[in-house]
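These numbers were taken from a predicted model, which means no experiment stands behind them. Atoms within a ligand are numbered from 1 in the order they appear, just like the ligands themselves.
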Amino acid sequence: MSWRPGGRERLYTASDAVVGAERMWHGGIPVCAPRFGVGNGGVPFIHGLTPKVRWRTLEVTADEGRAHIVLVTDAQVMSHLPWADRFPADLRYELDVVADATTLTIGLTIASPSRDAVVEMALHPYLLTDTARTQVTGLGGVAYHDFSNGLDGVGEDPLAVARYVDRVYTEAPSTTIADGSSALRLAGQGANSVIVWNPGPGNDQVPGEEWADFVCVEYGDVKSGALTIPAGSSHLLRLSIIAG
Ligand SMILES: O=P(O)(O)OC[C@H]1O[C@@H](O)[C@H](O)[C@@H](O)[C@@H]1O
């Protein structure tokens with residue numbers, strides 16, 4: 001997966017990634033639903049069921065400087081996966097992606113036609129940045145739990161990310177990720193959590209020193225921010241990333 005505003009790639013893909021439908025790899029923008037696993041003992045897939053299935057492409061349009069893609073999937077497509085039976089069998093998922101010269105906007109809608117559905121959802125961009133020089137701003141004063149060390153805290157501003165960090169913040173303000181040579185501005189809609197993740201040195205998730213090349217700042221509704229989608233309705237989670 002690639003997004004190159006101004007000719008510069010902004011999404012990390014691990015050098016050992018085998019990219020393909022139904023495979024798990026590190027990079028791009030995983031779409032996590034209807035469960036977000038970190039800290040949930042027993043959840044088989046940390047990012048839920050949606051990354052494990054093939055989505056159907058409904059629309060692809062590209063005119064000068066702008067691309068629009070709509071993808072869909074549903075609970076039936078994932079019914080063979082462990083944990084699928086814990087969610088309504090008629091959940092529907094739609095992903096609406098718009099990219100232009102400066103902005104990438106991703107909307108994830110979950111619709112629950114017939115039952116109240118308790119879900120978690122998150123959009124999980126792997127953003128290229130020089131972590132040694134990166135400052136994430138905007139999360140000051142926001143309560144978090146850090147799964148890297150089990151501690152609760154209140155966000156500092158700016159936040160340094162050149163280390164193992166796995167925080168779930170309990171609010172979702174706009175954030176900026178800047179490393180001196182590039183800046184990305186992130187804003188969520190329909191989000192009440194931000195997750196900040198970097199595996200840090202010595203991890204077994206990405207090769208070698210690649211942890212120093214990216215940070216994930218994810219927007220969603222996870223943990224205490226899980227949602228109940230009432231029967232017959234839907235929830236839209238939207239993430240906008242603006243390159244500066
Ligand atoms: O290894 P995965 O499944 O891509 O997950 C990467 C990371 O994704 C983050 O969203 C989680 O908070 C981390 O706990 C997790 O390690």
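N203 pairs by the side chain to side chain donor-acceptor pair (under 3.5 Å) definition with nothing, not counting sequence neighbours. Partners of H124 according to the ring pair (Phe, Tyr, Trp, His ring centres under 6.0 Å) rule, which considers only residues two or more places apart in sequence or in another chain, are H47, Y126.
Contacts of F147 with ligand 1, taken as heavy-atom pairs under 4.0 Å, are absent altogether. Residue contacts with ligand 1, taken as heavy atom pairs separated by less than 4.0 Å, involve Y126 solely via side-chain atoms from C-beta onward. Under 4.0 Å from ligand 1, the heavy atoms of I195 that appear belong solely to its side chain.
A89 and Q76 get closest at one heavy-atom pair: O-NE2, 3.0 Å.
For ligand 1, the atoms closer than 4.0 angstrom to any heavy atom of E218 are 9 (C), 10 (O). Less than 4.0 angstrom separates some heavy atom of F36 from each of these atoms of ligand 1: 10 (O), 12 (O). Of all atoms in ligand 1, numbered sequentially from 1 with element shown, those under 4.0 Å from a heavy atom of D166 are 11 (C), 12 (O), 13 (C), 14 (O). Atoms of ligand 1 lying under 4.0 Å from any heavy atom of Q205, numbered from 1 in the order shown and given with element: 1 (O), 6 (C), 16 (O). Applying the 4.0 Å criterion to heavy atoms of H26 picks out, from ligand 1, the atoms 1 (O), 2 (P), 4 (O).
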>> Between V196 and Y144, does the side chain to side chain contact (heavy atoms under 4.5 Å, CB included) criterion hold? Intermediate values first, please.
In response: CA-CA 10 Å; V196 177; Y144 67 78; over 6 Å; no
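Surrounding CZ of R56 are at most 12 heavy atoms belonging to other residues, nucleotides or ligands under 6.0 Å away.
Salt bridge annotation for E120-R86: absent, with no cationic side-chain nitrogen under 4.0 angstrom from a carboxylate oxygen.
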